[in-house]
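Reading through the structure tokens given below for one structure.
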Amino acid sequence: MTGLLAACFVMSLSCAGATAQAAPPAGGQAAGTVTPTVHCTLPAGQGEATGPQQMTVELSPAVVAPGGKVHAKVTLGPSPATSGLALDDVPTIPSLDLVMSGAATGTVTVRGAEFTMDIPAGTPIELPPYEGDFLVPADASGDISFAPVRTLTQTKVLGSVFETPCDVVDGGGSIGTVTVEGTGSEPATLSAPADPVRPNTAVTLGGSGWTPGGTPVPSLCAVGGGGCDPLKFSGNTLAIGGDGTLNGTATLAEAGAVPDGAYEVKVNDGTKEATAPLTVRAVAAGDREISLSASSGPVGSVITVSGKNYNPDRWINVLGLDAKGTGLDDSAVYVKSGPDGTFAVEFTVVSDAVVAVQADEGNDPATVRTAPFTVSTGGGGGGGSADQKLNTSVRAGTLSMVQDGDTVDFGTTVLGTGSGVQRSRLNRVEVEDARGVDSGWSLTATLTGFTGTDGGTIPADAVRWTPRCTAQSGSVGVPVAGSPAALGSGAASLCRMDPDGSRPFTGGRFDADADLTLTVPGFTRPGDYSATLTLTLL
């Protein structure tokens with residue numbers, strides 16, 4: 001996880017040391033080593049980073065048969081990507097794409113095993129060396145040269161997988177050559193649906209020429225074979241029969257992890273692999289549609305609102321409209337669309353003002369659909385009806401924060417008088433969550449020790465705080481204040497918003513501050529002291 005949001009308070013002095021510069025690439029070149037310029041896209045909308053990164057790859061064996069396995073040992077130098085927050089024991093999966101030239105074309109992926117690592121704050125991130133295997137094409141013959149074109153680091157934080165891709169944009173070049181010679185085994189074949197498939201659904205795969213008893217593992221790759229990722233499938237029922245026939249399904253991950261687009265699905269059984277084109281499209285052919293189980297009825301009627309051709313796994317908002325097109329908030333109900341893009345929910349006609357029922361997908365105006373409804377009153381009739389479609393656009397914002405000031409002053413302590421306890425208050429911090437999602441957030445703080453102008457020190461844990469946080473009017477969700485605690489190098493919670501499964505999203509503006517208490521040790525060298533408190537919003 002990189003590029004985290006951070007801000008600083010400074011106690012009695014100005015803010016300093018909030019970021020660190022990336023270290024230069026290590027050492028000189030060696031066989032199998034290149035130092036290209038890479039461009040990294042940081043996760044969670046945290047920006048981009050560009051700079052040099054040394055890459056060393058050892059390939060073995062030097063000669064393989066067509067379709068044979070190559071083992072790669074990868075050592076990467078520090079990345080230009082950095083993290084604004086120190087994180088401990090982060091599950092991490094590294095991978096490296098190598099483009100082939102010479103006796104074969106396309107891209108192969110070296111994917112390492114998952115490991116845990118500590119990520120420092122403000123320092124170029126350096127992964128430990130890792131190893132992985134890939135297969136050369138079954139129709140190759142001759143020398144294949146390999147050059148790195150992209151790294152991908154996947155980190156698992158707060159229950160989600162965050163990706164940091166770094167593309168080679170300059171420099172680079174070959175890191176080694178493997179010679180393909182001899183006769184390979186029968187190449188495997190793979191078949192996949194020709195029509196577009198939806199995320200979070202089972203995709204039927206088949207083929208022949210596979211290794212009997214092998215364990216088939218599906219991955220989703222970019223067109224051309226790069227970026228192969230088994231995490232893009234949440235599970236599979238694939239099996240290989242005694243005659244080498246592959247059968248079963250592989251279930252794609254949810255729409256948020258698998259955007260619409262053209263891909264290649266790859267299956268590898270340990271000794272053989274094959275690919276097939278696959279198109280992913282969340283919304284099926286045809287426009288979104290809604291229908292009502294009844295188009296009229298008295299106040300109190302309970303009808304079923306159904307929809308189809310929606311994105312899977314999205315919150316659908318359903319509410320009644322009056323004759324002016326104004327939504328009747330007390331009629332609103334929420335339902336999540338299924339993996340097939342359909343939904344059905346019971347809706348109660350709460351007022352005789354209802355003239356239509358509206359549904360939208362995740363508050364996106366482009367997805368608004370309406371269906372007329374007539375409240376029966378026992379008489380009258382006629383007059384007709386007319387619909388007018390009202391459009392507007394709402395775009396997702398960002399997660400951000402502002403603070404009322406950057407200095408906290410505890411005043412002056414006279415040694416030998418009083419208790420040595422000084423009180424102050426943290427400058428108010430306003431957190432704004434305009435993302436329109438239900439992923440939650442956390443606001444934490446770390447504190448350095450105090451240093452004096454004459455060389456004296458006061459430990460960080462001499463400061464304790466009692467956090468407070470509240471939601472401003474109109475905000476969605478209830479923030480949780482951190483517990484009273486002594487401050488120090490470990491992250492202490494000031495305020496957080498937990499994901500709320502009962503709502504389609506949380507958001508708005510939230511205020512956070514804290515009462516601060518400084519206990520000056522009785523034997524402290526006189527002088528002016530300062531320390532830095534860093535707030536991090538994630």
Side-chain angles (χ1 to χ4, degrees), residues 57-74 91-100 103-104 106-115 129-141 144 146 152 154 176 178-192 202-222 224-253 263-278:
V57 183
E58 299 178 33
L59 302 175
S60 62
V63 179
V64 296
K69 181 184 297 185
V70 177
H71 185 70
K73 297 181 180 180
V74 179
T92 304
I93 304 173
S95 63
L96 174 67
D97 284 349
L98 300 173
V99 65
M100 297 182 290
T107 306
V108 294
T109 300
V110 181
R111 186 175 178 86
E114 180 177 310
F115 58 87
Y130 62 91
E131 302 180 22
D133 297 325
F134 62 86
L135 303 182
V136 298
D139 58 355
S141 178
I144 303 177
F146 298 87
L152 176 67
Q154 295 174 303
V178 171
T179 300
V180 181
E181 62 182 35
T183 302
S185 59
E186 174 191 3
T189 65
L190 181 66
S191 62
V203 179
T204 300
L205 302 177
S208 62
W210 295 89
T211 306
T215 302
V217 177
S219 299
L220 197 63
C221 311
C228 295
D229 185 2
L231 295 183
K232 294 297 188 290
F233 289 100
S234 60
N236 74 87
T237 64
L238 298 177
I240 301 173
D243 60 352
T245 299
L246 173 73
N247 287 293
T249 62
T251 301
L252 283 167
Y263 296 90
E264 289 182 359
V265 57
K266 175 185 289 185
V267 174
N268 183 304
D269 68 7
T271 57
K272 292 186 177 184
E273 68 181 19
T275 61
L278 187 70

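Annotation: the span from Arg111 atom CZ to Phe134 atom CZ amounts to 16.0 Å, rounded to 0.5 Å. With rounding to the nearest 0.5 angstrom, the NZ atom of Lys73 is 11.5 Å from the CG atom of Leu59. In this structure, Leu96 CG and Phe146 CZ are separated by 11.5 Å, a value rounded to the nearest 0.5 Å. Note that OG of Ser219 and CD of Glu273 are 9.0 Å apart. Values are rounded to the nearest 0.5 Å. In this structure, CG on Leu205 lies 8.0 Å from CG on Leu278, to the nearest 0.5 angstrom.
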side-chain contact (heavy atoms from CB on, under 4.5 Å) between Leu231 and Ile93, intermediate numbers included: CA-CA 10 Å; Leu231 295 183; Ile93 304 173; 3.9 Å; yes

Can you list the steps and then say if Val64 with Lys69 is a side-chain contact (heavy atoms from CB on, under 4.5 Å)? CA-CA 7 Å; Val64 296; Lys69 181 184 297 185; over 6 Å; no

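Here side chain to side chain donor-acceptor pair (under 3.5 Å) pairs that include residues 203-214, with residues two or more places apart or in two chains, are Thr189-Ser208, Thr211-Asp269, Thr211-Thr271.
Glu114 meets the side-chain hydrogen bond (donor to acceptor under 3.5 Å, both in side chains) test with Lys156; sequence neighbours excluded. For Lys232, the side-chain hydrogen bond (donor to acceptor under 3.5 Å, both in side chains) partners two or more places apart in sequence, or in a different chain, are Glu163, Asp229.
In this structure the side chain of Pro216 reaches within 4.5 angstrom of the side chain of Leu246, judged on heavy atoms. Within the 4.5 Å cutoff, no side-chain heavy atoms of Thr109 are placed close to those of Cys221. Side-chain atoms of Pro137 and Met100, non-hydrogen and from C-beta on, do get closer than 4.5 Å to each other. The shortest side-chain heavy-atom distance between Phe233 and Thr251 does not fall under the 4.5 Å cut-off.
Scanning both residues, Ala276 and Leu190, for their nearest heavy atoms gives CB-O, 3.6 Å. Ala113 approaches Pro94 most closely through the heavy-atom pair O-CD, 3.8 Å. For Pro277 against Ala192, the heavy-atom pair with the smallest separation is O-CB, 3.9 Å. The shortest heavy-atom contact between Gly112 and Tyr130 is CA-CD1, 3.7 Å. Taking every heavy atom of both residues into account, Ala104 and Ile144 meet most closely at CB-CD1, 3.7 Å. Scanning both residues, Gly225 and Lys266, for their nearest heavy atoms gives O-NZ, 4.3 Å.
Between the Ser191 side chain and the Gly206 main chain, a donor and an acceptor come within less than 3.5 Å of each other. At least one donor-acceptor pair under 3.5 Å links the side chain of Thr237 to the backbone N or O of Thr249. Between the side chain of Lys272 and the backbone N or O of Gly209, at least one donor-acceptor pair lies under 3.5 Å. Remark: side-chain polar atoms of Asn268 are not paired, donor with acceptor, to backbone N or O of Val217 under 3.5 angstrom.
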